[in-house]
Amino acid sequence: GYQRRVRDNTGKVLKKAVMSHAKKFIEFINHSPSHFHAVEQFSTRLKSAGYQHLRETEEWNLQPGGKYYFTRNRSTIFAFCLGGKYTPGNGFHIIGAHTDSPVLKVKPNSAITSQGFLQLGVQLYGGGLWYTWFDRDLTVAGRAIVKRGENFEHELVHVDKPILRIPTLAIHLDREVNESFKFNKETQLLPIFATEINKQLNPPSNTPATVNHHPAFLQLLADHLKCQVSDIHDFELNLLDQQPSTIGGLENEFIFSGRLDNLMSSFCALEGLLQAESSLAEEQAVRLITLFDNEEVGSASAYGADSALLFTVLRRITHSLSTAAGKNADDISTKKSFLISADMAHACHPNYSDKHEGRHRPSLHKGPVIKVNANQRYATTSETSFVIKELARRHDIPVQEFVVRNDSACGSTIGPILSANCGIRTVDIGNPMLSMHSIREMCGTRDVDYCIQLFKSFFDNFSKLDQQIHID
């Protein structure tokens, strides 16, 4: 795909596949203002690719060569396809990522009035760079539980215009702000929604008074959902930056966007799975992607990686084709399996390069990063690292390595959780990025293509490579 070249609007030469994947990602994330929307986007894509929708509450009738997906809570999604030569007891080739990102969430009782302003009470979700949420044009997106006839439906909502803002205090009133910007996250991180006088002059029609939320806010949601306020029985709404994601930089080499961590990895996992379909007929394993919710808050939920969900699904697939599967089929298939835990990595910041260990400084445009930690904050081992390096070598895909400095704390991922809970060989990797957990993050366009190539090569070629690896 690298032989054909096109010129972008700056007149610089860029590889067609690189820009194609980057633009496709931009389109995806601009239609995914919340993790609920992202899962809906993935579901639509899988349906169009011929994947059959399953429900956890029903029996599964699976067949070799079949392609399937299901959601849980509409915020976690699994997609898998059985190799044409799959038999129970064979392994699972898995890419795991997560759909959630650090955000502000509307509180169950959000109505606040102060100094003539209507404000929304918000909760902090995850470990965000909260100061980046000041002076941004904000809106809300998520899901509502809406009554339609006799039923109560999950419905997506996105107010596609700026309706909220968290203003900073003028420097004239805080002369030391440039030395140290400090704020109280409960009382000073409150977005302004409207002015009280405007609400009195323009009251929302047919909106009952409520102590939980501003009537004008509920009417706004009802208008977007095309229902009555009384039909909205609950909701989960995230705040987000209204500014669209975009490609930028002198030669269109950057992506500027919110929620790169970790919708970028989720997008690449799905693309890799779909693009590897031509080799499925000869595959003996099950190929699976699992995109969990709640990673940013520890994964300990029914929709998170620290649940029994993955192990339950693996067992269910193993036994779905044959009730006569051997009593050790689950254990055997687990030992034959391999998991890529895909979560974004820290590129070396040019203004803070001393924060990185001197010999492990990932760069943009140089491929996915293998993350290593001796204390098992990442699940990578020499065997699993070798798998990624060898797949990359065989397909001319650049990869990098990262370890945190010994005098710095190390983050973690779903990798160690799933590896420990399921006993599956695991490697932690991710595309390099800057401004992780900011409202506006940054990564390289080329790395989108590199990551998709690597994931495709994993699904296409791991079965053959694994036969050449002898450990236990």
Side-chain angles (χ1 to χ4, degrees), residues 21-22 24-25 27-29 32 35 38-49 51 67-72 75-81 92-101 255 259-277 279-280 283 285-293 295 299 303-305 309-310 313-314 337-345 367-371 379 384 387-388 391-392 395 397 399 413-415 417-418 424 426-433 443 447-462:
H21 285 139
K24 194 172 185 178
F25 172 74
E27 181 181 6
F28 156 74
I29 201 162
S32 302
H35 54 315
V39 168
E40 187 67 20
Q41 289 284 308
F42 291 138
S43 297
T44 300
R45 185 80 193 284
L46 288 163
K47 288 178 187 176
S48 67
Y51 279 68
K67 302 182 296 184
Y68 311 93
Y69 78 97
F70 72 90
T71 66
R72 180 180 282 192
S75 62
T76 289
I77 185 167
F78 275 57
F80 59 93
C81 49
F92 294 84
H93 302 167
I94 308 166
I95 299 176
H98 64 90
T99 61
D100 61 318
S101 303
I255 291 175
R259 305 179 301 286
L260 292 179
D261 177 16
N262 192 32
L263 288 182
M264 171 66 75
S265 301
S266 298
F267 171 84
C268 292
L270 180 61
E271 288 296 314
L273 179 69
L274 296 180
Q275 293 186 22
E277 187 168 325
S279 61
L280 184 62
E283 179 64 81
V286 175
R287 299 172 179 176
L288 185 149
I289 64 170
T290 170
L291 312 178
F292 288 104
D293 194 2
E295 188 275 345
S299 296
Y303 330 112
L309 181 54
L310 178 60
V313 170
L314 302 188
S337 298
F338 193 96
L339 168 68
I340 294 177
S341 166
D343 207 344
M344 300 296 279
V369 179
I370 301 171
K371 298 187 278 188
T384 60
V387 167
I388 296 301
L391 288 172
H395 297 87
I397 303 167
V399 292
T413 68
I414 63 173
I417 295 171
L418 295 175
I424 295 175
T426 302
V427 62
D428 269 294
I429 71 171
N431 270 0
M433 67 175 291
C443 68
D447 294 319
V448 186
D449 184 61
Y450 288 144
C451 191
I452 292 172
Q453 285 188 65
L454 182 61
F455 289 168
K456 179 181 183 299
S457 70
F458 169 66
F459 287 127
D460 279 335
N461 301 292
F462 176 70

Close side-chain approach of Cys81 and Tyr51, heavy atoms under 4.5 Å:
yes

Sorted by chain and number, sequence neighbours left out, side-chain contact (heavy atoms from CB on, under 4.5 Å) with Glu27 holds for His31

Distance-only donor-acceptor check, side chains Asp460 and His395, under 3.5 Å:
no

Are any non-hydrogen side-chain atoms of Ile340 and Ile388 less than 4.5 angstrom apart?
yes

Interatomic distance, Leu339 atom CG to Thr426 atom OG1 [nearest 0.5 angstrom]
4.0 Å

Shortest non-hydrogen contact from Ser299 to Glu295?
OG-CA, 3.5 Å

List the atom of Ala342, the atom of Ile95, and the distance in Å for their closest heavy-atom pair.
CB-CG2, 4.2 Å

Output the distance between atom CG (Asp447) and atom CG (Leu454), rounded to the nearest 0.5 Å.
11.5 Å

Just so I know, are the side chains of Ile429 and Phe455 near enough to count as touching, which here means a heavy-atom distance under 4.5 Å?
yes

By ring-ring contact (aromatic ring centres under 6.0 Å, His included), Tyr68 pairs with (sequence neighbours left out) Phe80

Using distance alone, with no hydrogens and no angle criterion, decide if Ser75 and Asp293 have a side-chain donor and acceptor under 3.5 Å apart.
yes

Checking side-chain hydrogen bond (donor to acceptor under 3.5 Å, both in side chains) between Glu277 and each of Lys67, Lys456, Arg287, which is the one that passes?
Lys67

Evaluation steps, side-chain contact (heavy atoms from CB on, under 4.5 Å), between Phe92 and Thr290
CA-CA 12 Å; Phe92 294 84; Thr290 170; over 6 Å; no

Applying side-chain contact (heavy atoms from CB on, under 4.5 Å), name anything that partners Glu40, two or more places apart in sequence or on another chain.
Thr44, Arg74, Leu156

Trace of the side-chain contact (heavy atoms from CB on, under 4.5 Å) decision for His35 with Ser101
CA-CA 8 Å; His35 54 315; Ser101 303; over 6 Å; no

For Ala305 versus Ile417, what's the shortest heavy-atom pair and its separation?
O-CG2, 3.6 Å

Minimum heavy-atom distance Phe459-Ala276, with the two atoms named:
CB-CB, 3.7 Å

Leu291 and Val39, any side-chain heavy atoms less than 4.5 Å apart
no

Before giving the answer on side-chain contact (heavy atoms from CB on, under 4.5 Å), spell out for Ile255 and Ile29 the whole-Å C-alpha distance, their side-chain angles and the decisive distance to 0.1 Å.
CA-CA 11 Å; Ile255 291 175; Ile29 201 162; over 6 Å; no

Do any N or O atoms from the side chain of Lys371 and from the backbone of Asp343 form a donor-acceptor pair under 3.5 angstrom?
yes

Is any side-chain heavy atom of Val427 closer than 4.5 Å to a side-chain heavy atom of Val387?
no

Side-chain donor/acceptor of Thr76 to backbone N/O of Tyr303, under 3.5 Å
yes

Rounding to 0.5 Å, atoms CD1 (Ile424) and CD1 (Ile94) come to a distance of 4.0 Å

Would a distance-only check, ignoring hydrogens and angles, find a side-chain to backbone donor-acceptor pair under 3.5 Å from Arg72 to Leu309?
no

With sequence neighbours excluded, residues passing ring-ring contact (aromatic ring centres under 6.0 Å, His included) with Phe42
Phe28

Once you measure the plane-to-plane angle for Phe462 and Phe338, does it fall in the parallel (<30°), tilted (30-60°) or perpendicular (>60°) bin?
tilted

Residues at least two apart in sequence or cross-chain that pass side chain to side chain donor-acceptor pair (under 3.5 Å) with Thr384, listed by chain then number, are Thr381

Closest heavy-atom pair, Gly430 versus Ala345, reported as atoms and distance to 0.1 Å, is O-CB, 3.7 Å

Cys443 versus Asn431: any side-chain heavy-atom pair under 4.5 Å?
no

Please tell me if the side chains of Leu288 and Phe78 come closer than 4.5 Å, counting only heavy atoms from C-beta onward.
yes

The criterion is side-chain contact (heavy atoms from CB on, under 4.5 Å); which residues satisfy it with Lys24, sequence neighbours excluded?
Arg45, Phe267, Glu271

Do we see a donor-acceptor contact under 3.5 Å between the side chains of Asp428 and Ser341?
yes

Heavy-atom donor-acceptor pair, Ser266 side chain to His98 backbone, under 3.5 Å:
yes

Minimum heavy-atom separation for Val399 to Ala392, with atom names?
CG1-CB, 3.7 Å

One pair to check against side-chain contact (heavy atoms from CB on, under 4.5 Å): Leu270 and Leu46. What are the steps and the verdict?
CA-CA 9 Å; Leu270 180 61; Leu46 288 163; 3.5 Å; yes

